[in-house]
Amino acid sequence: MSYTDEVYDRVVAQNPGEPEFHQAVKEVLDSLKVVIDANEEKYRSLSILERLVEPERIISFRVPWVDDKGVVQVNKGYRVQFNSAIGPYKGGLRFHPSVNQSILKFLGFEQIFKNSLTGLPIGGGKGGSNFDPKGKSDREVMAFCQSFMTELSKYIGADRDVPAGDIGVGGREIGYLYGQYKRNRDLYEGVLTGKGLTWGGSLVRTQATGYGVVYILNEMMKAHNDEIAGKTAIVTGSGNVAIYAVEKITQFGATVVAMCDSNGYIYDPNGIKLDVVKQIKEVERGRIKEYADRVEGAEYHEGVGIWNIKCDIYLPCATQNELGLDAVKTLVANGTKYIAEGANMPTTMEATEYVQANGVIFMPGKAANAGGVATSALEMSQNSMRLSWTAEEVDEKLHGIMVNIFKKVDEASTRYGMKDNYVVGANIAGFEKVVDAMMAQGIV
Ligand code: NDP
């Protein structure tokens, strides 16, 4: 049995009931086979893969808080500190009822390679809670965030572990979390990213993940003698990543005809009016359904099925495993040519294999959505220097980072004889740097 298969079996046996984590490990190990096989003796003797798949530390804690009716609520809180070989742990916090250890381990594992690809000194981590901010009052969200941070603040720090936002954690939550950290630790330091602009945040951080997806899509299309201008696109989700992916791809000249939330999707053949989506989602915290009530000619469809609409470019920017085999069969049949993942692991393994086998050019999330964490690292740099860069400076750096990620991913896939297989390229390029650092640092 190959070393990668052995380690995968061990992961499944030792981490029962964690399907998302198994899936993320399988995708990475399968991609790494060529590299591992070529260096098997060296890696085996150091148990590199066994160490890579085991988080350095998982912190799990109780989060008690009081709701508006005076009832005591209890949620689960976690931080997975996965790998610090190339820098302090870095990765978002997710607040969503589905959060559990499996999901956070999959996200933390992916984050190691993504952070490595940015070229910046950041390790991999992820955290969150099964708390659902939807439908909660501001006071309830604050009470939850304060209780969560009271515990988490014991384990993080500007040179130790620097969380950011993810699903359910935006500017409001980061604000409450930061306030409580400062109060508990009496330190004004860059311990969280995604902060407000008047208290240590970086310009363009809000837009960074979505913009980055489109910057790398642009490189990928140029490499195939094509361009974004004039194309029809679908962007799933209507949260932070989706909104700014729509903004940038529209600036590049594409027409976005559909977006969604977890209830249903909107179709606007005239092109999505992003100011209306921003008003509904960023200001009113409403449902995407309301778009069809406000925009002439737009339709709302309850439930799933956004992929039935014809498009050239599909950007899944909602959540894990949102894009399955049946959906991609429809996309391929309708002529979709490009997929770049804004979300983490939104495409199932079978769906990924299907699109790759059917001529769709596919960029995986760990490369495509790395612009968010890269700009978080730029926020950390600005905090350390006590300086703020202009929006143009940050955007230029973000653009440069995404262009470089494309080059690294393209180069690694070509070097191993799998040109255009960007899944393999991203995993190999991310892995090489982390493993060099792990080997240099001894058995730790
Ligand atoms: P948000 O919470 O801002 O938005 C998530 C969006 O996805 C919401 O519109 C949500 O709808 C929708 N959604 C969630 N589940 C489903 C579903 N099953 N079907 C359809 N729509 C769904 O999160 P982000 O935009 O920050 O994150 C989106 C993805 O991008 C996640 O995978 C995240 O890990 C990844 N990511 C985020 C980064 C960031 O900087 N924010 C960085 C890198 C990756 P609803 O409101 O109904 O729940």
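Keep in mind that the numbers below use all heavy atoms, side chains included, and drop hydrogens, waters and symmetry copies. Whatever order the structure lists them in is the order used to number ligands and atoms, beginning at 1.
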Please step through ring-ring contact (aromatic ring centres under 6.0 Å, His included) for the pair Y178 and Y188, ending with a clear verdict. CA-CA 9 Å; Y178 190 69; Y188 208 106; 5.6 Å; yes
Intermediate values then yes/no, side chain to side chain donor-acceptor pair (under 3.5 Å), E27 and N427: CA-CA 9 Å; E27 187 228 271; N427 285 325; 3.0 Å; yes
Let me see the working for E379 and S376 under side chain to side chain donor-acceptor pair (under 3.5 Å), right down to the final yes or no. CA-CA 5 Å; E379 183 174 330; S376 277; 5.2 Å; no
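Protein residues are said to neighbour a ligand when one of their heavy atoms lies under 4.0 Å from it; for ligand 1 these are R94, K134, D166, I167, G168, R205, T209, G237, S238, G239, N240, V241, C260, D261, S262, R287, C317, A318, T319, G342, A343, N344, N369.
Surrounding NZ of K289 are at most 12 heavy atoms belonging to other residues, nucleotides or ligands under 6.0 Å away. For E396, the CD atom counts as loosely surrounded, since its 6.0 Å shell holds 12 or fewer non-hydrogen atoms of other residues, nucleotides or ligands.
Stacking of K154 on the aromatic ring of F61 is not recorded, the 6.0 Å distance cut-off and the 45° axial limit not both being met.
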